[in-house]
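Keep in mind that what you see is a predicted model, and the values were worked out from it rather than measured. Because only heavy atoms are used, hydrogens play no part in the values below, and waters and symmetry mates are left out as well, while side chains stay in.
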Amino acid sequence: MGTWGSGNFDSDGALDAYAGLVHGIAEQIDEGLGEGDVQFEDVDGEIALMEVLAVIGERCRALHLPLAQVESWARRVLAAYDAQIDALGATESFKAERRAVLESTFDRLRAAVRAVRRT
């Protein structure tokens, strides 16, 4: 199909590069979270990469990932957070603020994934 518009993402090559970047980041997140229990204090990098995906999804108005993958990340990270945050000695205000930030990141990821179905 080639090029269909003047925008930076209006070509097959650009979309291939975009897809490769998104899927590469998603693979890094999956590898970092592993298959077992998540240790919340060890996944700062993966959470940062989730934020990067949220920003990419917002900027590009879509994120081509399975919603089930994002839901799995959210479920696992938030469960680890809830189970482990008290042991990390955080204040009540920090705990509430941090959880709200995490929830916002996952909400933004979900919205970007769902946007694919509307385009």
ask   = Any side-chain heavy atom of Ser72 sitting closer than 4.5 Å to one from Arg76?
value = yes

key: Set of residues satisfying salt bridge (charged side-chain N to carboxylate O under 4.0 Å, His left out) with respect to Glu31, sequence neighbours excluded   = none

request  = Would you indicate whether Asp37, at its atom CG, is surrounded by more than 12 heavy atoms from other residues, nucleotides or ligands within a distance under 6.0 Å?
outcome  = no

query = Under 4.5 Å between any side-chain heavy atoms of Leu21 and Ile25, yes or no?
reply = yes

message = Is there a side-chain contact between Ile29 and Gln69 in this structure, where contact means two heavy atoms from C-beta onward sitting under 4.5 Å apart?
response = no

task = Check for a donor-acceptor pair, side chain of Arg108 on one end and backbone N or O of Leu53 on the other, with a separation under 3.5 Å.
result = no

Side-chain (Asp12) to main-chain (Gly2) donor-acceptor, under 3.5 angstrom = yes

ask   = Does any non-hydrogen side-chain atom of Leu102 lie less than 4.5 Å from one of Arg98?
value = yes

ask   = Can you find a pair of side-chain heavy atoms, one from Leu33 and one from Met50, that are under 4.5 Å apart?
value = yes

query = Heavy-atom count around Gln84 CD within 6.0 Å, excluding the residue itself: above 12?
reply = yes

key: Donor on one side chain, acceptor on other, Asp30 and Trp73, under 3.5 Å   = yes

message = Given 3.5 Å as the limit, does a donor-acceptor pair link the side chain of His23 with the main chain of His64, or not?
response = yes

task = State which residues pass salt bridge (charged side-chain N to carboxylate O under 4.0 Å, His left out) with Asp16; sequence neighbours excluded, sorted by chain then number.
result = none

key: Side-chain touch Tyr81/Leu88, heavy atoms, less than 4.5 angstrom   = no

Side-chain heavy-atom pair Tyr18, Leu63 within 4.5 angstrom cut-off = yes

